[in-house]
Amino acid sequence: MDALARRRSKVFSCVQRCDTTRIRAAVMQARGHDSHHLQAVAAAFHTPDTIESITPLGSGNVNDTYLVRAAGRPTVLQRINTQVFRQPQLVMQNLVSVGNHVQARLRQPLPALQGRRWELPEVITTRHGGAPLYACSQGGFWRTISFIAAARSVDVIEGPEQARELGFGLGMFHLLISDLPSEQLADTLEGFHITPLYLEHYRQALVRSELERCARTDHCIAFIRNREAFASVLENARARGELQLRPIHGDPKINNVMLDGATGQAVGLVDLDTVKPGLIHYDIGDCLRSCCNRAGEDAPDLEAVHFDADLAAAILKGYFSVANAFLSDADIAYIVDAARLISFELGLRFFSDYLAGSTYFKASYPEHNLHRALVQFRLTESIEAQEAELRALVQRLRRQAVLA
Ligand code: GN1
Ligand code: MG
């Protein structure tokens with residue numbers, strides 16, 4: 001067993017008998033982020049005696065994230081997962097490019113904002129050397145970014161009003177980056193969201209995997225086999241020239257939209273590591289799949305997983321209120337495919353990672369990524385079952401947006 005697998009199995013054996021706090025402590029320890037270590041890393045960005053607290057933040061599956069309070073101000077400390085983002089310098093370069101571009105746009109009048117505030121996480125450099133990244137002697141690249149004040153994010157949607165805000169937030173983000181020149185964006189994660197490539201990766205993982213098959217894995221294998229042709233739906237549309245590449249967020253899932261603590265209005269998107277040219281459909285699909293499944297990505301009961309069309313309507317209303325002007329009829333025609341595809345793709349990615357030993361997505365127990373895959377496949381089925389109604393809904397909302 002290699003060192004990583006040993007550390008993992010230590011975490012897993014703990015998971016079976018511990019409560020959540022102890023699991024989190026064990027996970028942190030297994031990654032080597034004990035409090036002394038975190039304190040030392042945070043001190044690269046903040047004067048040590050001003051640091052008041054460091055606490056885990058959010059539920060990201062890739063980077064490790066902490067809220068650091070220093071000198072009365074909250075900031076976000078993150079260890080960039082270099083297994084995923086091989087060139088963290090490029091991630092930071094993009095963050096600066098996006099930040100500069102959006103700040104410049106926000107200095108011009110922007111009626112679509114309707115007077116609300118809009119913020120972006122800003123890079124806070126190291127105390128010595130003013131660098132955007134801190135390379136820790138124990139390994140790992142760390143960064144500090146600003147925390148959007150007086151705002152919160154949610155893991156599970158609370159209602160249609162909020163859904164509308166989540167859609168508005170994505171539309172506003174797309175509008176703000178729509179004229180960001182693509183040469184200013186490095187590709188931080190090659191192949192990200194190219195579903196046929198994930199399919200290829202899955203085939204290899206399946207051949208290599210030494211896992212014992214069971215009813216659940218057989219279900220996943222058959223599920224994927226039945227949708228192999230569908231996996232190319234967006235990429236084929238792009239190849240035919242029906243859909244075009246534009247700057248996208250890449251990961252606009254529900255909890256990456258910040259909502260004002262008092263008004264509930266969307267005030268910014270965070271987690272900008274995957275901003276790059278892509279199809280806006282990846283974003284629309286990801287927003288829909290993560291918001292319209294009220295049971296969540298870890299739903300304990302698969303039967304409870306359902307794609308809520310009313311929430312989808314509210315999200316698209318919010319999105320179209322900003323984005324309608326820059327959406328072509330072809331863009332509209334692929335929205336339902338996008339929701340179905342991105343749910344399927346995420347299931348495929350979770351399942352491939354399970355087959356490969358969960359090296360990409362953090363897992364809290366050995367079959368975590370298998371269960372996550374089953375949840376996404378269930379969601380895909382729910383979208384498929386409602387396909388005709390959803391297509392009619394999208395067309396109706398488009399007509400309303402055109403008339404508005
Ligand atoms: C990962 O790390 P997090 O939670 O922000 C993943 C997304 C998935 C998401 C599913 C770079 O995002 O693509 O949709 O998990 N990010 C990357 O929860 O792979
Ligand atoms: Mg992310």
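Atoms within each ligand, like the ligands themselves, are counted from 1 in listed order.
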Lys362 and Asp353 ion-paired at < 4.0 Å: no
Heteroatom distance test (Thr274, ligand 1): nitrogen or oxygen, under 3.5 angstrom: no
Heavy-atom neighbours of Arg73 CZ exceed 12 at 6.0 Å: no
Ion pair Arg238/Glu242, N-O distance below 4.0 Å: no
For Glu297, the option from Arg349, Arg289, Arg378 that meets salt bridge (charged side-chain N to carboxylate O under 4.0 Å, His left out): Arg289
Atom indices of ligand 1 within 4.0 angstrom of Tyr360 heavy atoms, with elements: 11 (C), 17 (C), 19 (O)
Glu228 and Arg203 ion-paired at < 4.0 Å: yes
Ligand 1-proximal atoms of Arg289, by part, heavy-atom distance under 4.0 Å: side chain
Proximity of Asp273 to ligand 1 by residue part, where a heavy atom lies under 4.0 Å: neither
Ligand 1 atoms in contact with Gly60 (distance to a heavy atom under 4.0 Å): 2 (O), 4 (O)
The one among Arg349, Lys253, Arg372 that brings a heavy atom closest to atom 9 (C) of ligand 1: Lys253
Distance-minimising heavy-atom pair for Ser352 and Ala205: O-CB, 4.0 Å
Carboxylate-amine/guanidinium proximity below 4.0 Å for Lys253 and Asp286: no
Numbered atoms of ligand 1 (with element) below 4.0 Å of Leu189, judged on heavy atoms: 11 (C)
Any N, O or S atom of Asp273 closer than 2.8 Å to the Mg ion (ligand 2): no
Ionic contact status for Glu389 with Arg391, cut-off 4.0 Å: no
Ligand-side contact atoms (ligand 1) for residue partner Phe85, heavy atom cut-off under 4.0 Å: 11 (C)
Which of the ligand 1 atoms, numbered from 1, are nearer than 4.0 Å to a heavy atom of Phe192: 13 (O), 17 (C), 19 (O)
N or O contact, Asp251 vs ligand 1, cut-off under 3.5 Å: yes
Angle in degrees, rounded to 10°, that OD2 of Asp271 and OD2 of Asp251 form at the Mg ion (ligand 2): 100°
Asp271-ligand 1 polar pair, N/O distance under 3.5 Å: yes
Other residues, nucleotides, ligands: >12 heavy atoms within 6.0 Å of Arg213 CZ: no
Protein contact to atom 15 (O) of ligand 1 [nearest heavy atom, distance to 0.1 Å]: Asn61 ND2, 3.2 Å
Distance filter under 4.0 Å to Glu297 heavy atoms, resulting ligand 1 atoms: 10 (C), 18 (O)
Phe350 N/O to ligand 1 N/O under 3.5 Å: no
Nearest non-hydrogen protein atom, atom 8 (C) of ligand 1: Leu346 CD1, 3.9 Å
Polar contact flag for Asn63 and ligand 1 (N/O pairs, less than 3.5 Å): no
NZ/NE/NH1/NH2 to OD/OE distance under 4.0 Å, Asp179 and Arg105: yes
Pair Arg294 + Glu158: basic N to acidic O under 4.0 Å: no
